[in-house]
Amino acid sequence: MKSIFVKATTLGLSVMMLSTAVPAMATETSLSAGASIVATSAMEDNSQEESTLSAGVTSALADAIEDSSSKDAQGAASVSKKESDTSETESDETIYGYTNLGIADCDEYVNIRKKASKDSDLVGRLEKDAACEIIKTKGNWTKIESGKVTGWVKSKYLLTGEKAEKRADKVAQTVATVNTKTLNIRSEKSTSSSILEQVGKGTDLKVLKEGSEWIKVKYDGEKGYVAAEYVKVSVELDDALTATEVEYGEGVSDVRTALVQYALQFVGNPYVWGGTSLTNGCDCSGFTMQILGKYGVGLPHSSSAQSNYGTRISASEAKPGDLFFYGSGGISHVAIYIGNGQIVHASNHKDGIKVSSAYYRTPICVCSYL
């Protein structure tokens, strides 16, 4: 489109120059051959094809504007056509958002290395049937980009070209991405039906059946319905996991990892009821308030009040940095999930800040804040 716009502007200028020239010709019955050559040269960029300025020239220029028969117009049209064709070709060849698609062809996963060497650092992982953008090849290695990861994989574990496209068509999934703060998954296609689960913004739900008002989805093993207006439906391919996600689980960011590492350095420090000092002593909510506060999450100094912030999620989808809430009849304790089924928390006067199983007692709820 950019090239077409430039062409139209150029021809518009020719028309303007022509309309300016025509009144001058009307007042003059003749121009010398020299003047004709100078005028024609100015208008045609020193073209020597026209030697006189006359009605014939005017007609020829008009024809050139309408029919693109002049060499300049043909050149502009040719460039515009080539650029347009290239744009259309690139658009047509894009497959699920990839211009040079690669699909992981392996039993479980392929390691992504920082350099084209098996001894190089691991920067991510491409799991079976995950997609990538192929950048270049070097020997038996291929440089790829997938999600947030750029690195090298062994070429023999990638499908490319037509094979990649066919595999992509088989494994691509239709997902509904939540675009509101909290969304209810209901048992039936009605706001009066029971709520099976609540999910937060950015959560991907597997689409089972699309409808104009309600969409049937599957999430965490359960089937239910969500209002179509609160999700964006798309067809997607899986992409690479970062090194952090490989270690801590899919969807875990560097911020979550840093938060957990920061919290763990206070293990062994004392429990003090009502305290907020990570070194001299704090209680459970004082601990979570201070840790999450360092990463921009403002929370009150109360476990029950903290549960009203963030987005409620199921325990099975918890990621490091999320909070687990406990109690008998009501919320009276809170802890930070650190992954692998464990929490870190300011437990009691005897144990202080410690690491425990996330299920040392049944959590009342789990909330995500990051």
Side-chain angles (χ1 to χ4, degrees), residues 109 111-112 121-125 127 147-149 177-178 181-182 197-205 219-221 238-269 271 276 278 282-300 303 306-326 331 333-347 351-370:
Y109 62 85
N111 286 326
I112 306 174
D121 292 338
L122 183 72
V123 295
R125 192 165 76 187
E127 299 197 330
K148 298 178 181 178
V149 184
T177 303
V178 179
K181 185 177 180 180
T182 304
E197 189 68 82
Q198 288 185 318
V199 291
K201 188 173 184 178
T203 303
D204 286 337
L205 310 170
Y219 181 71
D220 202 19
D238 290 337
D239 52 26
L241 300 178
T242 65
T244 299
E245 290 175 322
V246 170
E247 183 175 357
Y248 292 97
E250 186 173 355
V252 178
S253 66
D254 292 338
V255 172
R256 289 178 178 272
T257 304
L259 184 151
V260 168
Q261 292 173 345
Y262 178 66
L264 288 174
Q265 69 178 303
F266 300 106
V267 169
N269 287 349
Y271 175 97
T276 59
L278 296 172
C282 60
D283 58 16
C284 65
S285 60
F287 179 67
T288 54
M289 179 182 73
Q290 295 289 53
I291 297 298
L292 270 70
K294 178 177 173 62
Y295 295 90
V297 179
L299 294 174
S303 57
Q306 288 180 5
S307 68
N308 294 321
Y309 289 69
T311 301
R312 294 212 175 187
I313 59 175
S314 64
S316 62
E317 63 180 321
K319 297 181 178 65
D322 293 336
L323 299 186
F324 274 58
F325 294 89
Y326 306 89
I331 293 172
H333 189 67
V334 61
I336 300 173
Y337 186 66
I338 61 174
N340 298 319
Q342 294 185 309
I343 55 170
V344 60
H345 58 141
S347 180
D351 299 325
I353 299 174
K354 63 181 287 190
V355 173
S356 305
S357 166
Y359 303 97
Y360 78 105
R361 52 179 165 156
T362 303
I364 292 178
C365 65
V366 180
C367 291
S368 178
Y369 303 84
L370 299 172

Separation between [atom1] of [X] and [atom2] of [Y], rounded to the nearest 0.5 Å:
X      : Y      : atom1 : atom2 : value
Ile112 : Leu122 : CD1   : CG    : 8.0 Å
Ile336 : Tyr262 : CD1   : OH    : 10.0 Å
Ser347 : Tyr271 : OG    : OH    : 8.5 Å
Arg256 : Glu245 : CZ    : CD    : 11.0 Å
Leu259 : Gln261 : CG    : CD    : 10.0 Å
Cys365 : Gln198 : SG    : CD    : 10.5 Å

Can a donor-acceptor pair be found, under 3.5 Å and without considering hydrogens, that links the side chain of Arg125 to the backbone of Leu241? no
Sidechain-backbone polar pair: Asp322 side chain, Tyr337 backbone, donor-acceptor under 3.5 Å: no
Between Arg312 and Cys367, what is the shortest heavy-atom contact and its length? CG-SG, 3.8 Å
Which heavy atom in Ser368 sits nearest to a heavy atom in Ile313, and how many Å separate them? CB-CD1, 4.1 Å
Less than 6.0 angstrom separating the ring centers of Tyr326 and His345, yes or no? no
Residue pair Arg361 / Ser356, side-chain donor-acceptor N/O under 3.5 Å: no
Would you find more than 12 non-hydrogen atoms of other residues, nucleotides or ligands less than 6.0 Å from Tyr369 atom OH? yes
Go through the steps to decide whether Ile353 and Cys282 satisfy the test side chain to side chain contact (heavy atoms under 4.5 Å, CB included), and finish with yes or no. CA-CA 9 Å; Ile353 299 174; Cys282 60; 4.0 Å; yes
All N/O donor-acceptor pairs, side-chain side in residues 285-295, below 3.5 Å, sequence neighbours left out:
{"from": "Thr288", "atom 1": "OG1", "to": "Cys284", "atom 2": "O", "distance (Å)": "3.4"}
{"from": "Thr288", "atom 1": "OG1", "to": "Ser285", "atom 2": "O", "distance (Å)": "3.1"}
{"from": "Thr288", "atom 1": "OG1", "to": "Gln306", "atom 2": "OE1", "distance (Å)": "2.8"}
{"from": "Thr288", "atom 1": "OG1", "to": "Gln306", "atom 2": "NE2", "distance (Å)": "3.2"}
{"from": "Gln290", "atom 1": "NE2", "to": "Thr276", "atom 2": "O", "distance (Å)": "2.7"}
{"from": "Tyr295", "atom 1": "OH", "to": "Ala258", "atom 2": "O", "distance (Å)": "3.2"}

